[in-house]
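First the structure, in the form of C-alpha cells, and then the observations on it.
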Amino acid sequence: MPKSATPGDTPVSAPASPRRVKVAIIGSGPAGLTAAIYLSRAELKPVVVSGVPAGGQLMLTTEVENYPGFPESIMGPELIEKFRKQAERFGAEFLDAHVARVDLAKRPFTLDLGGSGKIEADALVIATGADARWLELPSEQRLRGHGVSACATCDGFFFKAVPVACVGGGDTAMEEALFLTKFATHVTVIHRRSELRASRILQERARAHPKISFLFDSEVLEVLGEGSVTGLKVRHTPTGRDQTLDVKGLFVAIGHTPSTEAFKGAIALDPKGYIVTHDITRTSVEGVFAAGDVYDHRYRQAVTAAGLGCMAALDAEKFLAGHA
Ligand code: NAP
C-alpha cells in the first residue's frame with residue numbers, strides 16, 4: 001500500500017517513468033554512430049547511450065590513415081566527432097550515460113542507466129565494442145599513441161625502417177608481428193611462456209620469417225622513453241636477468257575484452273563474452289542487433305565496425321517496420 005505523505009515525512013521523489021523510444025543504440029564508436037546516422041535519416045529518432053567515456057577505441061588513437069575518404073589522414077577523436085555531428089544533423093540524440101543493466105525478456109526492452117533513469121525501446125542496436133587488454137604498466141599507458149599501440153593494422157605504417165616489439169603468444173600476436181615485418185627492420189615477439197598459444201600455421205610462418213625473433217619466458221617491465229618509445233626493459237623470468245631492448249615501438253597483442261557485462265544472462269554470449277550473432281547482426285533476442293567489435297573479433301577495424309553499424313541499422317529499421 002502506498003503511504004500518503006504526512007507533515008514531517010522525508011520527501012520521496014517518485015521514480016521518473018522510463019522514456020519510450022523506437023530504437024536505442026548503445027555505444028558511440030564507429031559502429032554505434034553509423035547506426036545512428038542511418039536510423040536518424042530513417043526518421044526513427046534514435047537515442048544513443050554514448051557510454052562513459054564516449055567514442056570508443058578511436059578516442060585513444062592518434063592518426064587514422066586507413067579510413068576511406070581522408071587521404072591526408074585524420075585523428076581518431078576528430079573522426080568520431082565528425083560521425084557524431086553527422087548523426088546529430090539528422091536528429092540522433094546523445095545521452096552521456098552508461099547502461100548498467102538491461103531487460104530484454106519482453107518488448108519494449110528496458111535499459112537501466114544506473115542513476116540516470118531508464119529507457120524503453122522497441123528495438124536495440126548494441127555497439128559497445130571491445131577493449132584491447134594492456135600490460136597495465138604506467139609507462140605503457142603514458143606512451144599509448146606515442147609508440148605503444150594495440151593495433152598493427154592501424155599503426156604499423158608509422159614504424160618504417162625501425163625495430164619494434166610485439167607482446168603476446170596468440171594468433172593476434174603472430175599476425176601483428178607478420179604484418180609489422182612489412183615496415184619494421186625487425187620484430188621481436190615477447191611472450192611470457194616458452195610455448196606459443198597461436199595456431200600452428202601462424203606460428204610456423206612467424207618462426208620462419210627472417211625479420212622475426214622470439215624472447216620466450218619474458219615480460220616487459222617498463223617502456224622506456226619520454227615523448228616516444230626508445231626501448232623496453234625486459235626480464236627473462238626463469239633467470240631474473242634484465243635486458244634493454246632497442247625498439248621504437250611496442251605492439252601489445254594480449255587479447256581483447258568485449259564490453260558485454262551489462263548483457264550477461266540477457267543475450268547469448270560466447271565463452272569469451274562476445275555477443276553471438278546470426279545473419280550478421282541478429283542476436284539471440286529478436287529485435288536486438290549487434291554491430292562492431294562487440295561481436296566481431298576478427299576484423300576489428302573502424303571501417304568494418306561502421307559497415308556493421310549500417311547493417312544493424314537497416315536490420316533494425318526493417319524489424320520496426322514489421323512490428324509497428
Ligand atoms: P589469445 O588467444 O587470448 O592470446 C593472448 C596471448 O596474450 C596469450 O599468448 C597470453 O599468454 C598473452 N597474454 C595474456 N595476458 C597477458 C599479460 N598480462 N601479459 C603478457 N602476455 C599476456 O588472444 P588473441 O591472440 O587476440 O586471439 C583471440 C581469438 O581470436 C583466439 O581465439 C584466436 O585464435 C582468434 N584469432 C584468430 C586469428 C586467425 O585465425 N587468423 C587471428 C587473430 C585472432 P598465455 O599464452 O600465457 O596465456
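Any value given below was found using the heavy atoms of this structure, including those in side chains, with hydrogens, waters and symmetry copies removed. Every number for a ligand or one of its atoms is a count from 1 in the order of the listing. For the single chain, residues carry numbers from 1 onward in sequence order.
Judged by distance alone, with hydrogens and angles left aside, the side-chain atoms of T34 form no donor-acceptor pair with the main-chain N or O of C310 at under 3.5 Å. Between the side chain of E175 and the backbone N or O of D171 there is no donor-acceptor pair closer than 3.5 Å. A donor-acceptor pair is defined here as one N or O able to donate and one able to accept, closer than 3.5 Å; such a pair exists between the side chain of E176 and the backbone of A152. Between the side chain of R142 and the main chain of G225, a donor-acceptor pair closer than 3.5 Å is present.
The closest protein non-hydrogen atom to atom 7 (O) of ligand 1 is I254 CA, 3.3 Å. In terms of protein heavy atoms, atom 2 (O) of ligand 1 is closest to R197 CD, 3.4 Å. Nearest non-hydrogen protein atom to atom 23 (O) of ligand 1 is G255 CA, 3.9 Å. Closest to atom 19 (N) of ligand 1, if we only count protein heavy atoms, is L135 CD2, 3.6 Å.
Look at E93 and R19 and you find a salt bridge, because one of the NZ, NE, NH1 or NH2 atoms lies within 4.0 Å of a carboxylate O, short of that distance.
Ligand 1 places these atoms under 4.0 Å from at least one heavy atom of G170: 4 (O), 6 (C), 9 (O), 25 (O). Within ligand 1, counting atoms from 1 as listed, the ones closer than 4.0 Å to a heavy atom of R193 are 45 (P), 46 (O), 47 (O). Close contacts of ligand 1 with E175, meaning ligand atoms under 4.0 Å from a residue heavy atom, involve 39 (C), 41 (N), 42 (C), 43 (C). With ligand atoms numbered from 1 in the order given, ligand 1 contributes 6 (C), 8 (C), 9 (O) to contacts under 4.0 Å with heavy atoms of G169.
Within the set E219, R192, E195, R133, the minimum heavy-atom distance to atom 14 (C) of ligand 1 is found for R192. Considering each of K272, H256, H297, the one bringing a non-hydrogen atom nearest atom 28 (C) of ligand 1 is K272. When D171, I190, T172 are ranked by how near their heavy atoms come to atom 38 (C) of ligand 1, first place goes to D171.
When heavy-atom distances to ligand 1 are checked against a 4.0 Å cut-off, L196 has no atom that comes that close, whether in backbone or side chain. Counting heavy atoms under 4.0 Å from ligand 1, residue H191 touches it through the side chain alone.
Checked against the 6.0 Å centroid threshold, F251 and F159 count as a close aromatic pair.
Atom CZ of R41 sits in a sparse spot, with 12 or fewer heavy atoms from other residues, nucleotides or ligands closer than 6.0 Å.
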Given salt bridge (Lys or Arg N to Asp or Glu O under 4.0 Å), test R84 with E88 step by step and report yes or no. CA-CA 6 Å; R84 181 165 167 154; E88 280 172 338; 3.4 Å; yes

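The shortest non-hydrogen separation linking S28 to V48 is CB-CG1, 4.3 Å.
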